[in-house]
Each structure stands twice: as C-alpha cells, then as structure tokens.
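To start, the structure itself, in structure tokens.
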Amino acid sequence: MQLHRFNNIQEFWHCTQAYLLQHQVENNVLLSISHTLLHNPERYLGKPYLAIVQTSGEILAVAIRTPPQKLILSKAQNMDALRLIAQDLRQEQLPGNMGLAGETEIFSQTWQALTGQFYQRSVVMKIYQLTAVQRVSTARGYLRLATEGDRSLLINWLSAFLSEIDEAVSEDVEHQVDNRLKQQNTYFWVDSTPVSVASSKQLLPTIGRINLAYTPPEYRRKGYATACVAALSQKLLDLGCSHCFLIADLANPTANHIYQAIGYRPICDWHEYSFTLSQ
C-alpha cells in the first residue's frame with residue numbers, strides 16, 4: 001500500500017476519474033473540486049493537496065485539500081489507506097476533514113493519535129440525489145442569472161450564509177463572489193427584488209450539483225427557496241444531466257424538507273470534523 005501525491009491536476013484527474021465516478025454520489029464533492037481545478041483553477045488561492053493510496057495499481061482512497069479548507073476524503077476501499085493519508089499530512093496545520101461517516105471518524109481518530117490534537121464532529125449532513133424535478137407549488141417570480149451589478153448583494157449574502165453554517169468569513173468571500181460571477185453559475189429567484197440564491201455546476205455532461213442555496217430570513221417561508229432550487233435543478237437536467245446532487249445540513253429540517261419535496265432523495269451521510277488543540 002503506497003501513497004502518491006500529485007502536482008498536476010490533469011495527471012490526478014486521469015488517474016482518479018474512473019474511481020471517483022464508480023461511486024459518484026459519495027464522491028460528488030471530490031468530483032466538483034476536481035472539475036474546478038481543471039477548468040477554473042484561480043478559484044482556489046492555495047496550492048491543492050492531491051493524493052491517492054493504491055496497491056498493485058488499484059486505488060484504495062483519494063484525498064483533496066484546497067487550503068485553508070478542510071481535507072476531503074473519498075469513499076475508501078480499505079480504511080488503512082486513510083491512516084497513510086493522515087501520516088502524510090501530520091506536519092500540516094489541518095483544520096479538520098469531511099467525507100463519509102466511517103471514513104471521517106477513522107481519519108479523525110488516527111489524526112488524534114498522530115498529533116495529539118482533539119477532534120469533534122461539527123456538522124452532520126446528508127447527500128441527496130435527484131433524477132427528476134417533482135411538481136411543487138411555485139412561488140411568484142423567476143430565475144435570473146447573477147451579474148456584476150449584484151456583486152455587493154452576493155458578498156453580503158455569501159457572508160451571511162457562511163456565518164449561518166459556522167464557516168469563517170474572510171476576505172476570500174470577495175474572491176469567491178468574483179469567481180462565481182465570472183463562471184456565471186449563480187442565480188437569483190426574483191420577486192420584484194432578489195429573494196433567494198443558489199449556484200449550480202455541471203461537473204460532467206451527465207452530472208450536476210447545486211450549492212450555496214440561501215434565502216435571507218426576511219424572505220423565508222414564502223416558497224422562494226423551493227422555487228429557486230427546483231428551477232435551477234431543472235436547468236441542469238435540461239442541459240443533459242441525468243443526476244443532480246446537493247448536500248444539506250441535518251440540523252436544518254426546513255431545507256431537508258424542501259429538497260425532498262423537489263425530488264431529491266437521501267443517499268448517505270456526510271460528516272465534518274474539526275481539529276483543536278484542546279477539548
């Protein structure tokens with residue numbers, strides 16, 4: 001069993017594509033980041049960590065990190081592979097990891113044993129998959145692409161979204177917004193004024209992903225989020241996607257209800273752990 005780091009995203013993608021697609025639901029976050037590194041590398045400010053563990057040419061696990069973010073783990077064929085990844089990163093200042101429930105727990109336990117740092121499960125999420133949008137009552141309004149004139153609003157809303165999910169807000173927010181506007185992947189639901197927002201990405205011709213689904217508190221419980229995510233999901237299907245994925249925090253029952261009403265079906269749990277120097 002050996003670990004190999006990659007400095008070239010094209011080489012990494014060529015090596016890992018088949019493995020990641022074998023379990024595309026569980027690995028959709030890694031597929032999304034790989035797609036961004038291939039087609040929009042300026043999205044990330046730091047040099048990415050790209051690694052695989054393999055034996056006899058067979059991949060056992062894949063890991064990606066785009067500093068300063070947490071490490072993201074693939075579905076693992078052998079949990080011992082995660083220990084090799086932890087050993088490879090033990091000198092790094094790693095804020096945490098995310099991935100499937102079993103993989104993240106084992107990695108976190110290994111990290112504590114190697115570094116003496118403590119771990120805490122910070123978020124429990126669910127990965128959802130959609131193949132057809134269900135008929136839902138549509139709120140008044142329409143879907144509109146976010147443009148440069150929306151920059152200030154997007155910065156405010158993205159900052160509020162990150163605060164709501166307990167992610168650190170930094171100067172990177174402006175960089176993220178500028179990148180989203182450049183990629184033309186973020187949409188508002190508009191009812192005389194923007195009332196909800198979501199982003200989409202077509203990872204491969206048949207795979208789409210929804211993220212950054214956010215509605216300010218004053219516009220909630222009016223059906224705007226449902227309308228926005230449903231319309232954007234349908235847009236991905238119309239572009240040729242046979243599957244759409246999204247991840248929802250289980251601590252937000254309203255969002256989980258909305259996604260299931262639209263047609264998203266829960267597939268598996270996705271956990272996030274944080275590492276700290278003290279309990």
Side-chain angles (χ1 to χ4, degrees), residues 9-10 12-44 48 50 62 64 66 69 72 74-75 98 125-134 136 142-148 150 154 157-158 161 175-190 194 196-214 225-248 255 258-260 262-268 270:
I9 180 58
Q10 285 80 13
F12 173 80
W13 177 243
H14 177 75
C15 180
T16 61
Q17 179 180 7
Y19 179 81
L20 294 176
L21 287 172
Q22 185 179 358
H23 302 283
Q24 62 182 19
V25 180
E26 295 90 339
N27 293 329
N28 78 89
V29 178
L30 290 96
L31 286 167
S32 178
I33 295 175
S34 297
H35 179 276
T36 301
L37 288 168
L38 281 166
H39 302 288
N40 181 28
E42 62 271 21
R43 160 66 181 84
Y44 301 113
L50 308 168
V62 178
I64 297 178
T66 54
Q69 306 301 323
I72 301 174
S74 74
K75 180 178 175 64
M98 60 180 73
M125 295 172 277
K126 184 75 73 174
I127 295 179
Y128 287 92
Q129 175 180 260
L130 172 142
T131 55
V133 175
Q134 301 299 309
V136 290
Y142 58 93
L143 194 70
R144 173 175 72 75
L145 180 67
T147 65
E148 195 65 36
D150 301 306
L154 277 176
W157 283 17
L158 179 57
F161 171 75
H175 176 75
Q176 286 188 47
V177 167
D178 289 338
N179 194 266
R180 288 178 186 275
L181 291 171
K182 179 182 177 181
Q183 295 300 309
Q184 297 187 317
N185 62 6
T186 301
Y187 291 80
F188 288 112
W189 188 260
V190 179
S196 188
V197 67
S199 287
S200 66
K201 183 185 291 186
Q202 192 168 7
L203 309 181
L204 291 169
T206 60
I207 301 175
R209 188 165 182 260
I210 301 287
N211 64 8
L212 179 62
Y214 175 74
T226 301
C228 186
V229 174
L232 198 50
S233 300
Q234 187 60 57
K235 187 177 182 67
L236 285 170
L237 295 178
D238 292 343
L239 288 171
C241 294
S242 56
H243 302 86
C244 294
F245 302 122
L246 60 75
I247 299 178
I258 286 171
Y259 300 144
Q260 293 185 60
I262 292 169
Y264 281 91
R265 298 292 173 253
I267 304 297
C268 57
W270 180 265

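Position 1 is the first residue of the sequence; numbering continues from there.
Residues satisfying the side-chain hydrogen bond (donor to acceptor under 3.5 Å, both in side chains) test with S196, not counting sequence neighbours, are T215. Contacts of K126 classified as salt bridge (Lys or Arg N to Asp or Glu O under 4.0 Å), with partners at least two apart in sequence or in another chain: D269. Looking at residues two or more places apart in sequence or on another chain, you find a ring pair (Phe, Tyr, Trp, His ring centres under 6.0 Å) between H39 and H35. Residues meeting the side chain to side chain contact (heavy atoms under 4.5 Å, CB included) test with T226, sequence neighbours left out: V136, I258, I262. Not counting sequence neighbours, E26 has no partner by the side-chain hydrogen bond (donor to acceptor under 3.5 Å, both in side chains) test. Under the side-chain hydrogen bond (donor to acceptor under 3.5 Å, both in side chains) criterion, Q22 pairs with no residue at all, not counting sequence neighbours. H243 meets the ring pair (Phe, Tyr, Trp, His ring centres under 6.0 Å) test with no other residue; sequence neighbours excluded. Taking R180 as the reference, S199 meet the side-chain hydrogen bond (donor to acceptor under 3.5 Å, both in side chains) condition, with sequence neighbours excluded. Residues that satisfy the ring pair (Phe, Tyr, Trp, His ring centres under 6.0 Å) test with Y187, not counting sequence neighbours, are absent from this structure. The side chain to side chain contact (heavy atoms under 4.5 Å, CB included) check on A146 picks up D150, L154, L181, T186, F188, with sequence neighbours excluded.
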Would you be so kind as to tabulate the donor-acceptor pairs closer than 3.5 Å made by side chains of residues 206-214, with sequence neighbours excluded?
from, atom 1, to, atom 2, distance (Å)
R209, NE, N28, OD1, 2.8

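Contact of the L246 side chain with the L130 side chain is not registered, since no non-hydrogen atoms from C-beta on lie closer than 4.5 Å. Residues L21 and L204 have side chains in contact (heavy-atom distance under 4.5 Å, counting atoms from C-beta outward). Under the 4.5 Å side-chain criterion, counting only non-hydrogen atoms from C-beta, R144 is in contact with P194.
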Chi angles and distances behind the side chain to side chain contact (heavy atoms under 4.5 Å, CB included) call for V29, I33: CA-CA 6 Å; V29 178; I33 295 175; 4.2 Å; yes
Stepwise side chain to side chain contact (heavy atoms under 4.5 Å, CB included) test for L31 and F245: CA-CA 11 Å; L31 286 167; F245 302 122; 5.7 Å; no
Test side chain to side chain contact (heavy atoms under 4.5 Å, CB included) on T66 and R43; report intermediate values, then the result. CA-CA 10 Å; T66 54; R43 160 66 181 84; over 6 Å; no
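Atom OG of residue S32 and atom CG of residue N27 lie 12.0 Å apart, to the nearest 0.5 angstrom. Distance check, rounded to the nearest 0.5 Å: CG of L50 to CG of L37 gives 6.5 Å. Here Y128 contributes atom OH and I267 contributes atom CD1; the two are 10.0 Å apart, rounded to the nearest 0.5 Å. Taken to the nearest 0.5 Å, the CG atom of L20 stands 6.5 Å off from the CD1 atom of I64. In this structure, OH in Y259 is found 11.0 Å from CD1 in I247, a value given to the nearest 0.5 Å. Between the SG atom of C241 and the CG atom of L203 there is a distance of 7.5 Å, given to the nearest 0.5 Å.
Listed here is the closest heavy atom pair of W189 and C228: CB-CB, 3.7 Å. Nearest heavy atoms, Q184 versus L145: O-CD1, 3.6 Å. Residues S34 and F12 share a closest heavy-atom pair of OG-CE2, 3.7 Å. Considering every non-hydrogen atom in both S233 and V133, the closest pair reads CB-CG2, 4.0 Å.
Side-chain polar atoms of K235 and S200 form no donor-acceptor pair below 3.5 angstrom.
Using modelled atom types, no side-chain atom of Q10 and backbone atom of W13 make a donor-acceptor pair closer than 3.5 Å.
The salt bridge (Lys or Arg N to Asp or Glu O under 4.0 Å) analysis of residues 29-38, with sequence neighbours excluded, yields no pairs.
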